[in-house]
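Structure record follows, encoded as structure tokens.
Below, all heavy atoms of this structure are taken into account, side chains as well, without hydrogens, waters or symmetry copies.
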Amino acid sequence: QVQLVESGGGLVQAGGSLRLSCAASRSIRSINIMGWYRQAPGKQRELVANIAGGGSTNYADSVKGRFTISRDNAKNTVYLQMNNLKPDDTAVYYCNAAAVIWGQGTQVTVSS
């Protein structure tokens, strides 16, 4: 079973940018949907963005135009470029593979 390790989280001021990475322990070519989710304190985990093997993407309305998901199958890695960050984006961000495999999460904190 593939294992996922997220990195790239941290503390940033509102309006800043971060790029999250999700490194898989084996090839992700056979995994159709890779996604990023987030969970803020006291809230349910929610989909941020996902990307299919063919490259089609889907975004939560709250991040459209600010976040970009991409995947590099040769590097077994999925990315989430986050621009114009807002305090409401503060959460633990989780990588997901095929809707069933989760990483350990990386904290993103956006200060106002």
Side-chain angles (χ1 to χ4, degrees):
Q1 178 166 308
V2 65
Q3 294 181 324
L4 306 173
V5 178
E6 301 97 334
S7 61
L11 173 63
V12 65
Q13 288 187 332
S17 299
L18 286 173
R19 188 175 83 153
L20 305 183
S21 298
C22 170
S25 59
R26 64 161 178 82
S27 175
I28 61 172
R29 291 182 187 277
S30 63
I31 301 174
N32 186 23
I33 305 295
M34 297 291 300
W36 285 96
Y37 290 71
R38 67 186 181 187
Q39 187 167 19
K43 295 186 177 181
Q44 290 189 335
R45 193 172 297 188
E46 64 176 0
L47 174 69
V48 176
N50 59 29
I51 183 167
S56 60
T57 57
N58 178 49
Y59 294 93
D61 287 344
S62 60
V63 307
K64 283 181 181 176
R66 301 188 297 122
F67 290 11
T68 303
I69 189 171
S70 61
R71 63 191 289 168
D72 186 336
N73 289 340
K75 295 183 178 180
N76 302 331
T77 302
V78 179
Y79 303 96
L80 185 69
Q81 177 66 44
M82 306 186 295
N83 297 328
N84 191 21
L85 282 159
K86 303 177 180 180
D88 283 349
D89 295 319
T90 295
V92 178
Y93 283 70
Y94 297 91
C95 183
N96 176 275
V100 294
I101 302 170
W102 296 93
Q104 83 288 351
T106 185
Q107 176 71 47
V108 171
T109 303
V110 184
S111 63
S112 57

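The pair D61-K64 counts as a salt bridge, with a side-chain nitrogen and a carboxylate oxygen less than 4.0 angstrom apart.
Contact between D89 and R38 at its shortest, heavy atoms only, is OD1-NH1, 2.9 Å. Summarising the geometry of N76 relative to N73, their closest heavy-atom pair is OD1-O, 3.1 Å, with the distance given to 0.1 Å. Taking all atoms of both residues into account, the shortest heavy-atom contact from L4 to A24 is CD2-CB, 3.9 Å. The two atoms that bring V12 and L18 nearest to each other are CG1-CD1, 4.1 Å, heavy atoms only. Contact between I28 and R71 at its shortest, heavy atoms only, is O-NH2, 3.0 Å. The heavy-atom pair separating N84 from R66 by the smallest distance is O-NH1, 2.9 Å.
If you take OH on Y79 and CZ on R19, they are separated by 5.0 Å, rounding to the nearest 0.5 Å. Expressed to the nearest 0.5 Å, how far OG of S112 lies from CD of Q13 amounts to 9.5 Å. Interatomic distance, N50 CG to Y37 OH, rounded to the nearest 0.5 Å: 6.5 Å. Taking NZ of K75 as the reference point, atom OG of S27 lies at 15.0 Å (rounded to 0.5 Å). From I101, atom CD1 reaches atom CE of M34 across 8.5 Å, with rounding to the nearest 0.5 Å. We find the CG-CH2 distance between L20 and W36 to be 4.5 Å, quoted to the nearest 0.5 Å.
One hydrophobic cluster, built from ILVMFWY side chains closer than 4.5 Å, holds both V110 and Y59. In the hydrophobic cluster analysis, where Ile, Leu, Val, Met, Phe, Trp and Tyr join through side-chain heavy atoms closer than 4.5 angstrom, L80 is grouped together with V2. In the hydrophobic clustering of this structure, I33 does not group with V100; members are Ile, Leu, Val, Met, Phe, Trp, Tyr whose side-chain heavy atoms approach within less than 4.5 Å, directly or through other members.
When atom types are taken as modelled, the side chain of Q39 and the backbone of A91 share no donor-acceptor pair closer than 3.5 angstrom. No side-chain donor-acceptor contact under 3.5 Å links T77 to the backbone of A23. N83 contributes no side-chain N or O that, together with a main-chain N or O of S17, makes up a donor-acceptor pair within less than 3.5 Å.
For the pair Q104/E6, a side-chain contact is recorded, criterion being any heavy-atom separation below 4.5 Å from C-beta on.
A disulfide bond (SG atoms under 2.5 Å apart) check over residues 11-103, counting only residues at least two apart or in different chains, returns the pairs C22-C95.
For Q3, the CD atom is loosely surrounded, since the number of other residues' heavy atoms within 6.0 Å does not exceed 12.
The salt bridge (charged side-chain N to carboxylate O under 4.0 Å, His left out) check on R26 picks up nothing, with sequence neighbours excluded. The side-chain hydrogen bond (donor to acceptor under 3.5 Å, both in side chains) search around T109 returns Q107, not counting sequence neighbours.
Using cut-offs of 30° and 60° on the angle between ring planes, the pair Y94 and W102 is perpendicular.
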